[in-house]
Enquirer: 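Okay, here's the structure, questions in a sec.
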Amino acid sequence: MRQIAQLDNTPRVSRRDFLMTAGLCGSAIAFGRLPGWCANNASAASPIAVFSKIYQELKLGFENAAEVTAAAGLDGIDCPVRAGGEILPENAAEQLPKYADVLGRRNLKINLLTTDITSANSPHAETVLRTAQKLGLRYYRFGFITREASSSADGQITQVRARLKELSALNKQFGMCTLLQNHSPSGRTLYFGGDLSELVRAVDGFDPAQIGVAFDIGHALVVHGDQWRQHFEALRSHFKIAYIKDVKRTGGWVPFGEGDIAATGYFDLLKQMNYHDPISLHIEFDWHGAGKPKTPERLTQVLKESAQVLRRWLA
């Protein structure tokens, strides 16, 4: 691009150059990734990290996972480090740095961790957090706790808060933050915090630097309908990370753009809050088509299309 004359050290941009830059940036967004020169002329975008549980369906190794992530135009991954996850907790010290190195060669990152840590005494919790700290990570998701029919809501909230108190001290030691996610019922299984009023009470009074919330607008819409916003406002002080998957109000995960979350006003809210932290993109719908084979090529295309829709919502 030609040099622009400057007067009094103030940059002057011609109308022609402005329109050309805006048009090229818009085209870049449409094709899935914003190059550095566009990023320097726009507000910083939230990194989009795929929840890489989806890679386990194809049994992708680190190299292939990085290849798919890059080809889809994503910025990194939200890595499951848990029993049955991409990385087992007992292998975190060795495998997390390897995965990060493979991703780094493609200018990608491990942006977030999803764990089954539910207390300071969870197996390998300190190993996972120490390794995450070394890699510059900040957030990890709390493991799911099911709602116990035999226990009152008050009693279970008390139990969870006791665990969070222990984790808060551990997080302070490692500079980490636990994220509690809201999750709608799955079949007959109820999850603690799926009702956001429980989540509000669970995190109340904790330092948001150590205990936060991964807010999932899809699950919130299923459970609370249009009342999701008032619950979000009650959680706003502890809101840290946005989890995004598209869903119909009546339930049922669908491809990005075919559900109802875009009409909730949530993305306008994120913009008003100047949200720039990573977004965890979740593929929960039937991405390969009934009776069709699951292939890396098809998954790459689905991820690219999903990220394009998400970026339009965020733009």
Enquirer: So, the side chain of S168 versus the backbone of L164: is there a donor-acceptor pair under 3.5 Å, distance only?
Expert: no
Enquirer: Donor-acceptor pair, D116 side chain versus A83 backbone, under 3.5 Å?
Expert: yes
Enquirer: Can you classify the ring geometry of F232 versus F215 as parallel (below 30°), tilted (30 to 60°) or perpendicular (above 60°)?
Expert: perpendicular
Enquirer: According to a hydrophobic-cluster definition based on side-chain heavy atoms being under 4.5 Å apart (Ile, Leu, Val, Met, Phe, Trp, Tyr only), do F267 and F256 belong together?
Expert: yes
Enquirer: Go through the side-chain N and O atoms of Q301 and E305 and say whether any donor and acceptor fall under 3.5 Å apart.
Expert: yes
Enquirer: Do the ring planes of Y243 and H282 sit parallel (below 30°), tilted (30 to 60°) or perpendicular (above 60°)?
Expert: tilted
Enquirer: Heavy atoms only: give me the nearest G85-Q56 pair and the separation to one decimal.
Expert: C-NE2, 3.4 Å
Enquirer: Can R163 be said to sit on top of F142's aromatic six-ring, NZ or CZ under 6.0 Å from centre and within 45° of the ring axis?
Expert: no
Enquirer: Check D78 with K53, please: is the shortest side-chain N to carboxylate O separation under 4.0 Å?
Expert: no
Enquirer: With the threshold set at 4.0 Å, does a side-chain nitrogen-carboxylate oxygen contact exist between K109 and D75?
Expert: no
Enquirer: Is R229 salt-bridged to D268, cutoff N-O under 4.0 Å?
Expert: no
Enquirer: Who else is in F144's hydrophobic cluster (ILVMFWY, side-chain heavy atoms under 4.5 Å, direct or via others)?
Expert: Y191
Enquirer: How would you list, by chain and number, every residue that makes a side-chain hydrogen bond (donor to acceptor under 3.5 Å, both in side chains) with N64, sequence neighbours excluded?
Expert: none
Enquirer: Are the charged groups of R201 and D154 less than 4.0 angstrom apart, N to O?
Expert: yes
Enquirer: Among residues at least two apart in sequence or on other chains, which ones pass side chain to side chain contact (heavy atoms under 4.5 Å, CB included) with A100?
Expert: I110, L135
